[in-house]
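Take a look at the structure set out below.
A note on names: the letters A, B, ... follow the listed sequences, proteins ahead of strands, and every chain is numbered from 1. Computed from a prediction, not measured in an experiment: that's the story for all the values here.
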Number of protein chains: 2
Amino acid sequence: MDAIRGGEHMTGRPTIKEVSKIAGVSFKTVSRVLNNEKHVSEETRRRVEEVVARLNFRPSQAARMLAGRRSFQVALLYDNPSPYYVYHIQAGAQQRCTELGYRLLLQPVDSQAAGLVADVMALVDEAHLDGLILSPPVTEIASLLDALDARGLPYVRIAPGIRAGAGLATTMDDVAAAREVTRHLIGLGHRAIAFIPGPESHVSSANRLRGYREELEGHGIAFDPGLIVAGDYSFTSGSEAARKLLDGSPKPTAIFAGNDDMAAGALAMAHERDIAVPDQLSIAGFDDSDLAKAVWPPLTTLRQPVRELAWAAADLMLGEHTLGSQLVLNHELKVRMSTGPARVKPIT
Amino acid sequence: MDAIRGGEHMTGRPTIKEVSKIAGVSFKTVSRVLNNEKHVSEETRRRVEEVVARLNFRPSQAARMLAGRRSFQVALLYDNPSPYYVYHIQAGAQQRCTELGYRLLLQPVDSQAAGLVADVMALVDEAHLDGLILSPPVTEIASLLDALDARGLPYVRIAPGIRAGAGLATTMDDVAAAREVTRHLIGLGHRAIAFIPGPESHVSSANRLRGYREELEGHGIAFDPGLIVAGDYSFTSGSEAARKLLDGSPKPTAIFAGNDDMAAGALAMAHERDIAVPDQLSIAGFDDSDLAKAVWPPLTTLRQPVRELAWAAADLMLGEHTLGSQLVLNHELKVRMSTGPARVKPIT
DNA sequence: CTGAAAGCGCTTACAG
DNA sequence: CTGAAAGCGCTTACAG
């Protein structure tokens, strides 16, 4: 016998009818007050609100969903291995939804699963969703986008890759951001700058690589494939990539990793080999995750406005907007101690 | 005009009545099949299930909540600044709830807020919750526990401090765990072992301090208040505590921090002062968070079964249990490179 | 094993 | 500005 049985816990719950009786109005009028509709006299409104507060009345979401055309409920879909990323995406979306009177369902999904589209549509039906927020890489599943479009269901994407210009979206400029990091390293005198891109499944990987390359070439530095070793956004992959780069040729004086986890991996490899950072090797990351400030030396990185992207996504979908359907948010270079002038002490 | 208006998206949604019509039975029979009730002939069941699958029918959660006595919906309350902790607590609870057919609402709260109890009870009413999972420090709010008890609402607590023996709970033994870490350090020859406890608001802080102290005294090593400097579980506070410890007297040969964030902070301070870890100073953490493996050298720490604690909490509340109402999960010491033999090279 | 009736607590659409 | 009726899509309690 499980603990949930019995269910006598609905005891105290008042309903709209009890409120209306005490306030001396019809329950329809209480409904008007609750929904902030026009055409309620100031005095009636005040009286109803007083009773609502006194009884601690909260309308049943289930009844509203069933009777009304809107559920005031949306879901955030995510499938990201980074606790840091998920935490902040959740926080941003949650905050804006709460402010706007929506409940947000936080829904982890498996973007590789065959049944993904069916599962999401099941959620849409069961929960009567009014809309969806998609975070990468759920943003890249064409069949899901098609199903949502066919259904006419509103959704916003955060940092989408495919169909980037279509529909509602919030993004940052990965290309420009990667150029900034690269420019910072070039400015410190580095010429042999290695880059560790992320996995191909993420659009951000290709965009950051492109920014790195464009900036190099803008400064007349030839792109050298020997300085590129891909990772998969994990710490371990960053470590392995750094090992290959340090063993390869040409020897880099700086490593720019596509995210902070990989930068931390590269940094660990430098420590393991007694390579001084930044005196012998500069290392830069991307994201400005919690990790960036927790390693030694703290990482130079590019702050991605994760929380803001999710906040703005919710706002774009649920708020009162006339301005547009796409929003590009600002990033910011964070210079810390892991980058410094080139070749103070060459690697031996 | 916002994107959500219009709401023509319910178009395709089939109902239980349409299913029943196609299957040639009453809609009550469909309901029986959906709820896995007895007394449905095998053939009828099969026919209904076939139609359900073909139409991709999903029952409205709202209608079930309204008509039934159970909502099949529970909430996880959390108020923890650690993305790592929140991510794994969510994952564990989410998994078990999904397996058992419950929807889990992930609800961040402000445990310091005056209106907390009212807000939670509002959630209970609005969402018709069948139960709640409380994670630290939400577990410690007596007024909330009282309100839930008064309402007769089932809840489980993860690692509770107050009223620890009462009600449903999953925990780990912080005292024994801290003793294990301390024993490891003593076994390496350390005698001047500093400890950085967390904030007093968390019960785990006091328990880990107690374990540290008990183990020392069990080995005939006097407890020295000069080797205790408190932090608040943050990286920065760990760094500051380490600074004071390294400047104070007696000089520690090992530092045991109450969590990994503070251990990482202590490690950064050692790097800043060019103190070799572990040759001159051993550092141990607690949690085995992602951080533990991302810093250099990787931290010796104690694995707290965060995900399992949440999984078991959901299971305890929703599953079929007869065994008991409290569950103590196992922890595990993870020895990595940040700890080593004492005084190989004394700090100068 | 199966079904017809009543009702959950609200919103909608229609009156006045 | 306010109200009475109908109904959302299910489960419950009662019959057969």
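Under the rule for a salt bridge (Lys or Arg N to Asp or Glu O under 4.0 Å), A/R46 has no partner lying at least two apart in sequence or in another chain. In this structure B/A310 satisfies the side-chain contact (heavy atoms from CB on, under 4.5 Å) test together with B/I89, B/A93, B/I158, sequence neighbours excluded. Scored by the ring-ring contact (aromatic ring centres under 6.0 Å, His included) test, B/F72 finds B/Y102 as partners (sequence neighbours excluded). Remark: B/R45 pairs with no residue by the salt bridge (Lys or Arg N to Asp or Glu O under 4.0 Å) rule, at least two apart or across chains. With sequence neighbours excluded, no residue forms a salt bridge (Lys or Arg N to Asp or Glu O under 4.0 Å) with B/R307. In this structure, the salt bridge (Lys or Arg N to Asp or Glu O under 4.0 Å) partners of B/R96, at least two apart in sequence or on a different chain, are B/E99, B/D315.
Applying the side-chain hydrogen bond (donor to acceptor under 3.5 Å, both in side chains) definition to pairs two or more places apart or across chains, those involving residues 58-68 of chain B are A/H128-B/S60, B/N35-B/R64, B/Q61-B/Q73, B/Q61-B/R103. For residues 135-145 of chain A, there are no side-chain hydrogen bond (donor to acceptor under 3.5 Å, both in side chains) pairs, not counting sequence neighbours. Among pairs with a residue in residues 157-171 of chain A, those fulfilling side-chain hydrogen bond (donor to acceptor under 3.5 Å, both in side chains) read A/D146-A/R163, at least two apart in sequence or across chains.
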| Summary of protein contacts for nucleotides 7-16 of chain D, nucleotide by nucleotide, where a base hit scores B, a sugar-phosphate-only hit scores S (4.0 Å, heavy atoms) | BBBBBB----
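Taking side-chain N and O atoms only, A/T29 has a distance below 4.0 Å to OP1 or OP2 of D/dG3.
Only A/T44, listed by number, bring a heavy atom of residues 42-52 of chain A to less than 4.0 angstrom from any atom of DNA chain D.
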| said: Let me check I have this right: for DNA chain C, each base becomes ., (, ), [, ] or |, based on Watson-Crick or G-U pairs with both distances under 3.5 Å. What is the full string? | reply: |||.||||||||.|||
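Atom CG of B/L129 is separated from atom CE of B/M121 by 9.5 Å, given to the nearest 0.5 angstrom.
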